[in-house]
Amino acid sequence: MDTTKLRETQGWIKDELARSASFWLEHGMDKVHGGVYTCLDRKGEIYSTDKSVWMQGRCGWIFAYLCHVYGVKDEWLAASKSCIDFLEDHCINHEAGGRLYFTVTEEGKPLRQRRYCFSEAFYACANAEYYGVTGEREYLERAHRACNLYWDLNHGMADPTNMGPKTIPETRTGRAFGIPMIILNVLGILRRVDPEQTELYDQRAAECVEDIFKYHVKPGLKCVLENVAEDGEARLYYTEGRTVNPGHDIEGAWFLLEHAKRTGDQELVKKAAQIFDWAIEAGWDKEYGGLLYFIDCLGKPPEAYEHDMKLWWPHNEILIASIMLYRDTRDEKYLDWFYKTVEYCKAHFSDPEYGEWYGYLRRDGLPTMPSTKGSTFKGPFHLPRCLSMVDQIIDEILA
């Protein structure tokens with residue numbers, strides 16, 4: 001290991017984190033209604049005032065997390081609380097069992113409800129992390145309620161929105177990889193800030209890990225399938241059943257690595273490394289570089305139009321997972337993947353002039369035009385999470 005090179009890379013990571021946090025604090029925070037705008041162009045100008053509920057939770061979490069990692073800064077804690085307050089005041093559908101909306105107007109009027117439970121998951125993360133920083137019990141209680149709701153909705157509870165599944169259940173039902181993967185991450189945050197309930201969090205986390213390997217990991221296909229039958233059977237006769245999202249697999253791999261570190265499970269480290277190896281080998285674009293967004297596990301045409309684009313967040317996940325795998329295995333190939341991805345991100349995603357990263361690139365690595373720094377799905381989350389985590393892991397390695 002070249003420690004000089006690693007320290008230089010860490011310096012770049014720290015600079016990018018400072019630019020990212022400043023970009024969102026300067027351009028995204030709504031000083032009138034509260035919360036955060038995330039539909040921002042390259043320079044940070046707002047191109048849509050509708051607000052993503054996912055991003056209120058994610059922004060609420062990241063700025064509290066930065067306080068946890070680097071020490072409390074008033075502007076970070078205020079940004080976190082602004083988003084959490086906006087969630088509490090405007091984003092909960094009290095007529096539907098406390099489910100959260102998916103999008104609202106800038107002043108908080110509901111626009112869209114989705115069947116997916118990820119708004120609840122990110123609400124739980126934000127409140128839990130804010131509790132971890134402030135010790136204010138109310139926020140932990142909110143996190144408990146949301147986490148339990150997420151858990152129950154995916155373990156037999158009837159959805160109070162009455163929206164039903166995407167497909168007619170008499171014809172087709174199934175499992176989605178994102179469900180156990182995301183709750184595993186939420187449980188990790190809760191476990192860290194609320195050690196009194198470690199036993200419950202560990203029990204549920206173990207169930208998530210079991211579900212991932214029982215149903216979604218397919219060694220014969222060398223991939224993790226996003227969508228499978230209820231019993232885990234691979235349904236390869238239609239496109240959604242063959243969908244692989246390499247970035248999602250790699251994100252899931254480092255969630256598993258975090259769980260392995262908490263529990264001391266070295267066998268799980270090997271399993272997570274295998275998932276990373278499959279995803280990076282199948283998803284890395286051999287011609288242009290960067291990670292493809294979707295691939296088909298049998299090499300057939302993916303259905304999603306954006307399948308060959310390069311998005312910011314899968315590359316964030318590579319950076320976290322590769323440096324984490326190097327820390328846990330000392331296998332140099334993971335350090336090589338880390339540096340390879342750093343160079344791709346420097347060349348294509350980073351924008352030193354205006355700060356923050358481009359969200360969406362064409363396959364050739366050029367930003368879509370007009371370029372954007374944020375959207376309903378991109379805000380202050382994946383990138384600052386990645387940069388702060390990589391910074392900490394490099395410290396561990398150098399120590």
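We use all heavy atoms of the structure for the numbers below, so side chains are in, but hydrogens, waters and symmetry mates are not.
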If you define the side chain from C-beta out and look only at heavy atoms, does anything of Tyr65 sit under 4.5 Å from Ile189?
no
Tyr293 six-ring centre to Lys310 NZ/CZ under 6.0 Å and within 45° of normal:
no
So, are Glu129 and Arg192 salt-bridged, with charged N and O less than 4.0 Å apart?
yes
Whether Glu138 and Arg142 form a salt bridge (side-chain N of Lys/Arg under 4.0 Å from carboxylate O of Asp/Glu) is what I want to check.
yes
Check whether any side-chain heavy atom of Ile182 lies under 4.5 Å from a side-chain heavy atom of Tyr150, and answer yes or no.
yes
Is Glu16 paired with Arg19 through a side-chain N to carboxylate O contact shorter than 4.0 Å?
yes
Close side-chain approach of His90 and Val104, heavy atoms under 4.5 Å
no
Just to verify, which of Arg7, Arg385, Lys14 counts as forming a salt bridge (charged side-chain N to carboxylate O under 4.0 Å, His left out) with Asp391?
Lys14
Do the non-hydrogen side-chain atoms of Trp24 and Met55 ever get within less than 4.5 Å of each other?
no
Any side-chain heavy-atom pair from Trp278 and Asp249 closer than 4.5 angstrom?
no
So, are Glu356 and Lys378 salt-bridged, with charged N and O less than 4.0 Å apart?
yes
Do Cys59 and Phe122 come within less than 4.5 Å of each other through their side chains, counting heavy atoms only?
no
